Amino acid sequence: MRTMSRQHIPVRAKNIVLIGFMGVGKTTIGKLVADKLFRDFIDIDIEIERRYGMTIPEIFAQHGEGYFREIERHTVIDICDNKQCNIVSLGGGAFKQEAIREKCLDSCLVLFLDLSWDRWKERMDLLIENRPVLHNKSVDEVQQIFDERQAIYAEHNARVTTDNLNPEEVADYIVEILKLGWELHEPLS
Ligand SMILES: Nc1ncnc2c1ncn2[C@@H]1O[C@H](COP(=O)(O)OP(=O)(O)OP(=O)(O)O)[C@@H](O)[C@H]1O
Ligand SMILES: O=C(O)C1=C[C@@H](O)[C@@H](O)[C@H](O)C1
Ligand SMILES: [Mg+2]
C-alpha cells in the first residue's frame with residue numbers, strides 16, 4: 001500500500017503517463033495523443049538520450065543497466081515535479097522502480113497500454129536492435145520477461161487494450177476516455 005499523500009493537481013493539469021512493455025506503442029501513440037490534444041510530448045528514453053548525450057544502447061554498454069535505471073529514475077521524477085499537462089511516454093522497464101511508480105501514480109494519470117503476447121511476438125524483430133534488454137534472449141526468455149513485467153504494470157488509472165487497433169485508433173480511444181474523465185471530474189460549467 002502506498003504511504004505518500006497524493007499531490008493536489010487539477011485533473012486537467014495532470015501529466016498523462018503511458019506505461020507498458022517495450023514495443024507496445026508508448027512512443028508512437030504518445031506523440032499522436034499529444035498532437036490531438038495540442039499538448040507537449042515527452043518520451044523519457046529520448047529525454048535521457050538528449051540529457052546524457054548517448055543512445056540507450058550506448059548507456060547500457062558503457063555504464064550498465066544499474067546506471068541507466070538511476071538516470072531513468074531522476075529523469076522521470078524531474079519531469080513529474082516540473083511539468084504539467086504533458087503527454088509522457090515511459091520506457092518499458094521504468095515501472096520496475098517503486099519510486100517511479102509512486103511518483104507517477106501520485107501526480108499523473110497513468111494509462112497502461114496492454115498488448116497480448118501473441119500480437120507482441122509479431123513485432124519482436126522490429127524491436128530487438130534498439131532494446132538492449134532483448135539482446136541475446138531466446139523467444140521463451142523474452143516471454144518470461146513479458147509475463148513477469150505484467151505485475152509491474154498492474155497499478156494504473158486506466159488500461160487500454162491495443163490488440164487489433166492501429167496507433168491512430170488507439171490514440172483516438174485515449175483522447176475519448178481522457179475527455180470523458182476530465183468532464184466527469186471537473187465539468188466545464
Ligand atoms: N497499435 C500498433 N499497431 C501496430 N504497430 C504498432 C502499434 N503501436 C506501435 N507499433 C509499432 O511498434 C513499434 C514499437 O513502437 P514504440 O516504439 O512506439 O513502442 P514503445 O512502447 O515506445 O517501446 P519502448 O518501451 O521500447 O520505448 C514501432 O515500429 C511502431 O510503429
Ligand atoms: O523495457 C525495458 O527495460 C526498456 C525499454 C526501453 O524503453 C528503454 O527504456 C530501455 O531499452 C529499457
Ligand atoms: Mg518508447
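Source: prediction; values computed, not measured. The first residue of the sequence shown is numbered 1, and numbering continues consecutively from there. Read the numbers this way: they start at 1 and go in the same order the structure lists the ligands and their atoms.
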Q) Once the angle between the rings of Tyr67 and His63 is folded into 0 to 90°, is it parallel (under 30°), tilted (30 to 60°) or perpendicular (over 60°)? A) tilted
Q.
Would you call the rings of Trp120 and Phe146 parallel, tilted or perpendicular, taking 30° and 60° as the class edges?
A. tilted
Q: Run the salt-bridge test on Glu122 and Arg119 with the 4.0 Å N-O cut-off and return the result as yes or no.
A: yes
**Q.** Under 4.0 Å from ligand 1, counting heavy atoms only: the protein residues, by chain and number
**A.** Phe21, Met22, Gly23, Val24, Gly25, Lys26, Thr27, Thr28, Asp45, Gly92, Arg123, Leu126, Leu127, Arg131, Leu165, Asn166, Pro167
Q | Side chains of Val110 and Phe95 in contact at under 4.5 Å (non-hydrogen atoms) | A | yes
Q: Let me see the working for Asp114 and Thr161 under side chain to side chain donor-acceptor pair (under 3.5 Å), right down to the final yes or no.
A: CA-CA 5 Å; Asp114 196 8; Thr161 305; 4.8 Å; no
Q: Identify whether the distance between the nearest side-chain nitrogen and carboxylate oxygen of Lys96 and Glu65 falls below 4.0 Å.
A: yes
Q | Any residue meeting salt bridge (charged side-chain N to carboxylate O under 4.0 Å, His left out) with Lys83, in chain and number order, not counting sequence neighbours | A | none
Give every pair made of an N or O atom of ligand 2 and a protein N or O atom lying under 3.5 Å apart, one pair per line with both atom names and the distance to 0.1 Å, or write 'none'.
from     : atom 1 : to     : atom 2 : distance (Å)
ligand 2 : 1 (O)  : Gly93  : N      : 3.1
ligand 2 : 1 (O)  : Arg149 : NH1    : 2.9
ligand 2 : 3 (O)  : Arg69  : NH2    : 2.7
ligand 2 : 3 (O)  : Arg149 : NH2    : 2.9
ligand 2 : 7 (O)  : Asp45  : OD2    : 2.5
ligand 2 : 7 (O)  : Gly92  : N      : 3.2
ligand 2 : 9 (O)  : Asp45  : OD1    : 2.7
ligand 2 : 9 (O)  : Asp45  : OD2    : 3.3

Q. Which protein atoms of type N, O or S are found under 2.8 Å from the Mg ion (ligand 3)?
A. Thr27 OG1
Q) Is any side-chain heavy atom of Ile29 closer than 4.5 Å to a side-chain heavy atom of Val160? A) no
**Q.** Given Ile42, Ile174, Leu37, the one that forms side chain to side chain contact (heavy atoms under 4.5 Å, CB included) with Ile87
**A.** Leu37
Q) Does Asp45 pair with Arg131 as a salt bridge, N-O distance under 4.0 Å? A) no
Q. Mind checking whether Phe68 and Phe60 have parallel, tilted or perpendicular rings, split at 30° and 60°?
A. tilted
Q | Check ion pair Asp43-Lys31 (N to O, under 4.0 angstrom) | A | no
Q: State whether Lys36 and Glu168 are salt-bridged, where the test is any N-O pair (Lys NZ or Arg NE/NH1/NH2 against Asp/Glu carboxylate O) under 4.0 Å.
A: yes
